[in-house]
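Comments concern the structure below.
Residue numbers begin at 1 in each chain, while the letters A, B, ... track the order of the sequences.
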Amino acid sequence: MPSSDDIASLNDVHFGYVASRPVLDGISMRIPRGKVVAIMGGSGCGKTTILRLLAGQMRPDKGNVVFDRQSVPRLSKPELYAMRRRLGFLFQFGALFTDMSVYENVAFPFREHTDLSEELIHDLVLMKLNAVGLRGAAYSRTNELSGGMARRVALARAIALDPLLMLYDEPFTGLDPISLSVVGQLIRRLNDALGISSVLVTHDIYQSLKIVDYVYFVGEGRILAEGTPEAIRSSTDPFVKQFVNGEEDGPVPLHMKALPLATDFLGRAIEERAQ
Amino acid sequence: MNIANWLRALGQTTINALAHLGFIFRFFIAVLLNTPMAVTRARLTLREIYFAGVLSLVIILVSGLFVGMVLALQGYDILSTYGASDSVGVLVAMAMLRELGPVVAALLFAGRAGSAITAEIGLMKATDQLLAMEMMAVDPLARVAAPRFWGGVISMPLLAALFSTAAIFGAYVITVQLIGMDDGAFWGNMQAAVDFRMDVLNSVIKSIVFAVIVTLTAVFEGFDTEPTAEGVSSATTRTVVHASLAILAADFIMTIFMFRGV
């Protein structure tokens, strides 16, 4: 059950991009204040959809999404925009503005939402970049950054307005081991230092179990398993075991549903012969 | 295909086309409602005027010059047959102001600036930049669409005027400087024949309408892009094709109303 200690929660959420194919089928989850929560699952299981519902980008077909005691689907556009100022979103590949420098990217939220002087914005931008270790790249172009650096600049931009909740969409995708570890540690450190809460959508079981407080496994539109990293590591649940150990076959089958082999391979030959 | 299926397909196509037009109209209204940011943060609009207008100057001026020179050569050749070579200046000025200036400048603008606007917005969409903006509580319609729309609408009529000016200058160089026609006859006949309301004002009205058509198409197609490399490519092509056809159709309609009694 959601409590006042939760910064956000999903309550019996149903959602589908098309009515005939539900992506989420009655999901409930809690994001406690100050914690880092990971949402894991196979590709296309609806992890990113959960982030989008939390950010109010989409509305659930049924159920409720709550952020900071507000029902997100019921918010008007101005209220939604006001809510998003208390939310940080890190996109899979950073989504930095390519027509701006690193400095201008991080200054963007300040310039859009505050009346701060340029001197103050300058100091704040450098502080945010320093927090992610990239003060030295402040005046670089975004196309000069590596994937990991771009992700860190995007993180500096996302925390610019000191959000209550950070949403990370696949923050480890395509990173080398060093960058991966740096981004992982940054997520944990910023969460604790800024006193915020974080939701992490990821495939990277090894890295995420090192930094998160709680894990939800999503599959077939439902929550298949949940628990602390210790509980997940020692779980005997076949799905969790398959995911944690990266086994190719198990509750999540190697082959997706298809017609029987004989029908698929010989069906056409049989049809041609019949003609 | 039987007639029922054919009618069904025709009906479906018509409904889809009307729905698409309705969608564009709603987008247009949304851009207009988000205009205040383009005004209050003039820096954003000035940047777009630079990209759409200033960077199009070379192609507009050079094209105008050549169109004017070619028109003067052809006009002189034909008019001298009837002993009316003094009217070359009038021919070029009328052709440029009434038709070629706004139309050709708009077609060039669609190819140079319209395609660039669509590609830029499309790429922003494909790389989640528009979504990132929304997640930072910044409306992309106000921050991206409105400044680009007004930047294009302000630039295009000025470019059309410069295009016509360059063409008349090109005609002057050919007929007066090269062929040796009388300077006074060239300018005098032109001054006597060109009517401010009928020719100049109608030219400005046409170029403003074309500016709205090109820029709205470019911005809309950018926002409506499928977020893939192929999607951006086909949206850019659609901008040039749709805007060009719409310009020619709108020109025909406006010409009927503007010059039918002449």
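The closest side-chain heavy-atom distance from A/F108 to B/R143 is below 4.5 Å. Using a 4.5 Å cut-off on side-chain heavy atoms (C-beta onward), A/Y81 and B/D139 make contact.
Contacts with chain B (heavy atom to heavy atom, under 4.5 Å) involve these residues of residues 141-174 of chain A, listed by number: A/R157.
Within 6.0 Å of atom CZ in B/F169, 12 or fewer heavy atoms from other residues, nucleotides or ligands are found, so the atom counts as exposed in its surroundings. Atom CZ of B/R112 is surrounded by more than 12 heavy atoms from other residues, nucleotides or ligands within 6.0 Å. More than 12 heavy atoms of other residues, nucleotides or ligands lie within 6.0 Å of CZ in A/R111, so this atom counts as buried by the packing criterion. The environment of A/Y17 atom OH is dense: over 12 non-hydrogen atoms of other residues, nucleotides or ligands sit within 6.0 angstrom.
B/L130 does not touch chain A: none of its heavy atoms, backbone or side chain, sits under 4.5 Å away. Only the side chain of A/R52 comes within less than 4.5 Å of a heavy atom in chain B; its backbone stays farther off. If you measure heavy-atom distances from A/F97 to chain B, the contacts under 4.5 Å come from both the backbone and the side chain. Neither the backbone nor the side chain of A/L80 comes within contact range of chain B, judged by heavy atoms closer than 4.5 Å.
No option in B/R41, B/M136, B/M133 other than B/R41 meets the side-chain contact (heavy atoms from CB on, under 4.5 Å) test with A/E112.
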Assess the residue pair B/D128 and A/Q92 against the criterion (side chain to side chain contact (heavy atoms under 4.5 Å, CB included)); give the C-alpha distance rounded to whole Å, side-chain angles, the decisive distance to 0.1 Å, and a yes or no. CA-CA 9 Å; B/D128 283 337; A/Q92 194 169 353; 5.8 Å; no
Apply the test side chain to side chain contact (heavy atoms under 4.5 Å, CB included) to residues A/F91 and B/Q129: give CA-CA distance (whole Å), side-chain angles for both, the deciding distance (0.1 Å), then the verdict. CA-CA 9 Å; A/F91 286 84; B/Q129 291 178 51; over 6 Å; no
Determine, step by step, whether A/D99 and B/R47 satisfy the side chain to side chain contact (heavy atoms under 4.5 Å, CB included) criterion, reporting the C-alpha distance in whole Å, the side-chain angles of both residues, the deciding distance to 0.1 Å, and the verdict. CA-CA 12 Å; A/D99 60 336; B/R47 176 187 177 275; 3.3 Å; yes
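In this structure, the separation between CG on B/L123 and OG1 on A/T98 is 6.5 Å, given to the nearest 0.5 Å. A/Q57 contributes atom CD, which lies 4.5 Å from atom CG of B/L131 (distance to the nearest 0.5 angstrom).
What you find for B/A137 and A/R85 is that their closest heavy atoms are CB-CG, 3.8 Å.
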